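Because the structure is a prediction, the values reported are computed rather than measured. Chain A is the first sequence line, chain B the second, and so forth, proteins listed ahead of strands; every chain is numbered from 1.
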Amino acid sequence: MYRYLEQRLAQRLLEFLRGRYPEATLPAVVIEQPPKVALGDFAIPVFPFAKPLRSAPLKIAESIGAEIGSIEGIAEFKVAPPGYLNVRIDRAWLAQALARDSVPSETVAAGKILVEHTSINPNKAAHIGHLRNAVLGDTFVRLLRYAGCEVDVQNYIDNTGVQVADVVVGFTHLAKKSRTEIEALTREPRFDYYCWDLYARVSQWYEQDKQNLKARSETLHAIEEGNNETAAVAEMIASAVLRQHLETMDRLDIEYDFLPRESEILHLHFWDAAFAKLKDAGVLIYENEGKNKGCWVMRRAGTGVTLAEPKRKMRQGAQDYDSEIDDILTEIGTQAGVDLGAREISEEDQKVIVRSNGTVGYVGKDIAYHMWKFGLLGRDFGYRKFYRYPNQHECWISSVDGEKDHPHFGDVAEIYNVIDARQSEAQSTVIEALRGMGHNEAADHYTHFSYEMVALTPRCAAELGYTLSEEDKARSYVEVSGRKGFGVKADDLLDQLIVSAKGEVDSRHPELADEERQSIARQIAVGALRYFMLKYTKQSVIAFDFKEALSFEGETGPYAQYAVVRANGIFNKAGMDADDFAGKVASKISAEDFSQFLNGEAADEIWELWLASSKTSYVVNQCITTTEPAYLAKHAFQLAQLFNAFYHRYPILSEANEKRKQFLLATVAVVRRELIRTLAVMGITVPPVM
RNA sequence: GGGCGCGUAGCUCAAACGGAUAGAGCACGGGAUUUCUAAUCCCGGGGUUGCAGGUUCGAUUCCUGCCGCGCCUACCA
């Protein structure tokens with residue numbers, strides 16, 4: 001509702017200004033939120049209008065407030081020095097709309113959206129870095145779905161890379177296991193943990209003697225080749241580890257629709273199709289000399305002069321974009337002696353796509369894969385059922401020979417790739433390749449959802465028994481490394497959270513059956529973990545520390561869950577059903593009652609709760625446009641915090657004035673509803689008791 | 001060397017688009033309801049937003065330079 005009102009206000013303001021000052025070129029109207037509710041609910045800084053209108057900010061604010069006329073849902077305009085026009089929402093109007101839970105119709109962009117996340121190499125157990133990726137990705141999927149978008153979720157599996165080869169080498173050369181022995185191991189519950197250790201051992205083994213690396217290249221070659229014993233073993237291992245990753249993520253309620261694998265990109269010759277198109281478009285250049293002699297190379301993203309990017313940014317950002325900029329940029333290019341059609345790329349700006357031996361690197365495969373995503377490749381995967389979730393949801397996997405009946409993946413309008421910041425150059429290269437082939441539309445709808453890594457604090461590393469170099473000890477964090485077996489495994493962390501939560505539940509609710517306490521503990525653990533991964537903004541490196549991650553107090557998931565449990569407690573005590581009450585709120589409280597109980601300074605505190613409750617869709621929208629789910633966590637925390645203060649200050653069931661009691665119950669019901677929704681988008685459910 | 005990012009309270013982090021007195025949590029000190037209540041609430045100390053300039057009515061936010069830190073920069077994936 002808040003978003004709806006903001007849009008309406010912005011529109012009316014624009015109409016008014018255009019009508020009132022037809023000659024003046026006016027800056028864009030910005031609508032902000034005042035620092036305090038007492039000031040108002042929206043704030044419009046009018047400073048930018050002072051110069052074009054040749055008038056003092058306060059005067060302008062005054063005239064707008066006086067002349068704009070009435071707007072439904074807006075109560076009044078108030079001028080505030082040094083130059084703000086503050087807007088008060090009609091509190092009763094908004095409360096009624098919220099009580100009815102009326103959702104203004106929204107237009108959703110047409111076309112399917114593809115979100116790719118998780119993408120763990122299937123050669124070891126998932127660790128906390130992977131958890132951040134999966135939680136961010138899954139939450140973004142939920143955000144898009146909440147906004148009404150149609151979304152496919154993909155988890156890309158690199159099952160033919162060196163990482164898988166390494167663990168195969170571990171089984172064959174170090175553990176010396178036969179195929180049947182390995183097969184038996186894959187059925188063990190923590191096969192991925194076994195691989196975790198083996199992978200670390202293999203890395204050490206390579207370091208002991210560089211000759212050992214021969215085993216790696218032979219194995220890798222055999223895997224890529226396919227149709228042999230080594231490839232079959234690799235496939236068996238990768239599939240088993242993948243299955244365990246899916247189980248791990250399912251513990252956090254994270255599901256996928258499709259698992260495209262590199263092996264099919266290879267065996268279905270996606271690259272051949274892409275290669276031909278890239279050569280035709282002149283994106284790839286054959287290098288005749290230098291260190292990259294005999295390779296097909298591409299210009300590294302971000303090097304050289306390109307006009308497309310700055311122009312696009314200007315178009316999006318500036319309303320007064322002037323086509324003259326076009327000419328200016330071309331002029332600059334000419335003066336600098338840059339011929340945009342030039343084929344020469346300096347050696348350091350070259351990115352090798354096809355090696356001199358004719359094999360393609362991973363960026364090349366990624367380009368082909370992304371052409372497939374946008375339906376630009378002219379080829380498709382085969383599809384096979386791979387994993388059925390307990391809720392019967394089917395997850396498909398790529399296959400050379402697919403099943404006859406299958407859903408259609410790919411060919412989407414927009415994609416989001418949740419991949420950590422270290423890969424931003426590779427991502428940009430793929431985007432530039434699309435642009436180079438003339439697929440600007442696709443490139444514009446390609447978003448690298450970039451985030452920073454999860455690292456360990458030196459203290460945490462010490463707790464886990466790792467010995468650090470003096471240099472590392474001095475750092476504020478140390479990068480995790482699957483190769484070294486250095487990190488916190490996802491399942492271990494979740495197990496630890498569950499144990500910790502279970503202890504709390506046991507002491508608080510000894511009357512419950514153990515099974516029930518276990519289930520509550522799981523919900524709390526998932527809430528804590530998912531919240532923890534979401535509360536940091538994407539570009540912040542999470543320096544992981546057990547103390548922070550295991551906390552259930554303050555700005556945490558359990559804090560927010562607890563607020564809902566408290567709200568439920570009120571209704572339970574009153575012998576009412578919370579959802580049922582929420583559905584009838586609108587008919588129970590008249591506009592006069594709302595008006596009476598929400599207006600006046602004393603009501604500001606409760607109004608703040610209603611106002612915050614109205615912001616869910618506003619926040620969801622903000623999260624999507626900025627690809628930043630952290631705002632959602634902030635919203636949940638704010639709702640919970642306001643509610644807890646309210647809960648403490650206002651006794652509800654003992655309220656003598658019956659109308660006021662109904663109003664207070666309505667407040668609880670609406671906040672509860674919005675908090676449950678917000679948590680659901682974060683993938684967090686609420687236990688019956690805590 | 002080049003590219004990207006970061007630097008805010010003792011610690012971990014907020015402050016989208018430049019806006020009103022830079023906010024939370026943790027930690028620390030003090031306090032709270034016979035109630036729907038303690039995974040909670042209230043109060044308190046804590047800050048020259050790395051440094052120096054610039055643009056602006058206004059800068060944590062934009063620009064330039066410097067200092068410090070991280071990541072990327074393979075014919076690995």
Review point. Between atom OH in A/Tyr451 and atom P in B/C13, what is the gap in whole Å?
Key: 17 Å
Check your understanding: Is the A/Phe643 ring parallel, tilted or perpendicular to the A/Phe646 ring (thresholds 30°, 60°)?
Key -> tilted
Practice item. Taking only the side-chain heavy atoms of A/Ala645 (C-beta and beyond), determine which of B/C42, B/C36, B/G70 contains the nearest atom. Key: B/C42
Check your understanding: Counting any heavy atom closer than 4.0 Å, what does A/Glu553 reach on the DNA or RNA strands: base, sugar-phosphate only, or nothing?
Key -> sugar-phosphate
Exercise for review: Let me know the distance between OH of A/Tyr650 and P of B/A32, rounded to the nearest Å.
Suggested key: 22 Å
**Study point:** Residue A/Ser540, side-chain atoms from C-beta onward, closest of B/C13, B/U21, B/A16
**Key:** B/C13
Check your understanding: Would you say the side chains of A/Lys538 and A/Thr627 form a donor-acceptor pair under 3.5 Å?
Key -> yes
Review point. Of the nucleotides B/A15, B/C26, B/C17, which one has an atom closest to the side chain of A/Val30?
Key: B/C17
Review point. Using atom P of each nucleotide, how far apart are B/U60 and B/A74 to the nearest Å?
Key: 39 Å
**Study point:** Identified pairing partner of B/C75, criterion: Watson-Crick or G-U wobble below 3.5 Å
**Key:** none
**Study point:** Between P of B/U55 and NZ of A/Lys51, the distance in whole Å
**Key:** 13 Å
Point to revise | Rounded distance (Å) that lies between atom P of B/U34 and atom CG of A/Leu653 | key: 16 Å
Check your understanding: What interatomic distance, in whole Å, is found between C1' of B/A39 and the corresponding atom of B/G58?
Key -> 43 Å
Check your understanding: At under 4.0 Å between heavy atoms, what does A/Glu452 touch on the DNA or RNA strands: base, sugar-phosphate, or nothing?
Key -> nothing
Review point. Can a donor-acceptor pair under 3.5 Å be found between the side-chain atoms of A/Ser356 and the base atoms of B/C75?
Key: yes
Review point. Hey, does the side-chain of A/Tyr559 have a donor or acceptor N/O within less than 3.5 Å of a partner on the base of B/A24?
Key: no
Revision key, fill the gap. Here the distance between atom P of B/U12 and atom OH of A/Tyr477, to the nearest Å, is 11 Å
Exercise for review: Give the rounded distance in Å between these two atoms: CD of A/Glu555 and P of B/C13.
Suggested key: 12 Å
Check your understanding: Between A/Lys291 and B/C75, is there a side-chain N or O to OP1/OP2 distance below 4.0 Å?
Key -> yes
Point to revise | Minimum-distance nucleotide (side-chain atoms of A/Val162 versus B/C26, B/C76, B/U40) | key: B/C76
**Study point:** Side-chain heavy-atom pair A/Ile524, A/Gln561 within 4.5 angstrom cut-off
**Key:** yes
Point to revise | Audit row: A/Gln350, A/Asn292, side-chain hydrogen bond (donor to acceptor under 3.5 Å, both in side chains) steps and yes/no | key: CA-CA 8 Å; A/Gln350 290 175 6; A/Asn292 295 330; 2.8 Å; yes
Practice item. Counting heavy atoms from C-beta on, name the nucleotide in B/G25, B/C72, B/C36 closest to the side chain of A/Ile570. Key: B/C36
**Study point:** Proximity to the side chain of A/Arg422 - top-ranked nucleotide from B/A39, B/C71, B/G25
**Key:** B/C71
**Study point:** A/Tyr2 side chain vs A/Asp41 backbone, donor-acceptor pair below 3.5 Å
**Key:** yes
Point to revise | Aromatic plane relationship, A/Phe571 with A/Phe581 - under 30° parallel, 30 to 60° tilted, over 60° perpendicular | key: tilted
Exercise for review: Spell out yes or no: do the side chain of A/Asn86 and the base of B/A20 have one donor N/O and one acceptor N/O closer than 3.5 Å?
Suggested key: yes
Review point. To the nearest angstrom, how far is A/Leu53 atom CG from B/C57 atom P?
Key: 16 Å
Study note, to complete from the structure: Taking a pair to mean Watson-Crick or G-U wobble geometry with both distances below 3.5 Å, B/A9 pairs with none
Review point. Of the nucleotides B/A32, B/U12, B/C26, which one has an atom closest to the side chain of A/His648?
Key: B/A32
Check your understanding: Given side chains that start at C-beta, do those of A/Leu664 and A/Ile606 come closer than 4.5 Å, heavy atoms only?
Key -> yes
Check your understanding: Between B/C57, B/U35, B/C76, which one does the side chain of A/Pro651 approach most closely?
Key -> B/U35
**Study point:** A/Arg475 side-chain N/O to B/G70 phosphate OP1/OP2 under 4.0 Å
**Key:** yes
Check your understanding: Does B/U21 have a Watson-Crick or wobble partner in any strand here, with both distances under 3.5 angstrom, and which is it?
Key -> none
Review point. In the strands shown, is B/U64 matched to any nucleotide by a Watson-Crick or G-U wobble pair with both distances under 3.5 Å, and which?
Key: B/A52
Practice item. Ignoring backbone atoms, establish whether A/Arg508 has a side-chain N or O less than 4.0 Å from OP1 or OP2 of B/A39. Key: yes
Check your understanding: Reckon A/Leu220 touches a base, only the sugar-phosphate, or nothing at all at heavy-atom distances under 4.0 Å?
Key -> nothing
Check your understanding: Is there a Watson-Crick or G-U wobble partner for B/G70 with both distances under 3.5 Å, and if so, which one is it?
Key -> B/C4
**Study point:** From B/C17, B/C36, B/U12, nucleotide with atom closest to A/Tyr536 side chain
**Key:** B/U12
Revision key, fill the gap. Separation of B/G25 atom C1' from A/Phe552 atom CZ, nearest Å, is 16 Å
Review point. Who is the Watson-Crick or G-U wobble partner of B/A32, with both distances under 3.5 Å?
Key: B/U40
Review point. Taking atom P in both B/U61 and B/A15, what distance in whole Å separates the two?
Key: 14 Å
Study note, to complete from the structure: The residue among A/Val297, A/Ile285, A/Asp366, A/Val363 that forms side chain to side chain contact (heavy atoms under 4.5 Å, CB included) with A/Ile353 is A/Val363
Exercise for review: Could you check A/Ser654 against A/Lys634 and say which one's nearest nucleotide on RNA chain B is further toward the 5' end?
Suggested key: A/Lys634
Check your understanding: 5'-most contact on RNA chain B: A/Gln539 or A/Phe637, nearest heavy atom basis?
Key -> A/Gln539
Practice item. Give none if B/G45 has no partner; otherwise give the nucleotide forming a Watson-Crick or G-U wobble pair with it, both distances under 3.5 Å. Key: none
Revision key, fill the gap. Looking only at B/A39, B/C41, B/C71, the nucleotide nearest the A/Gln641 side chain is B/C41
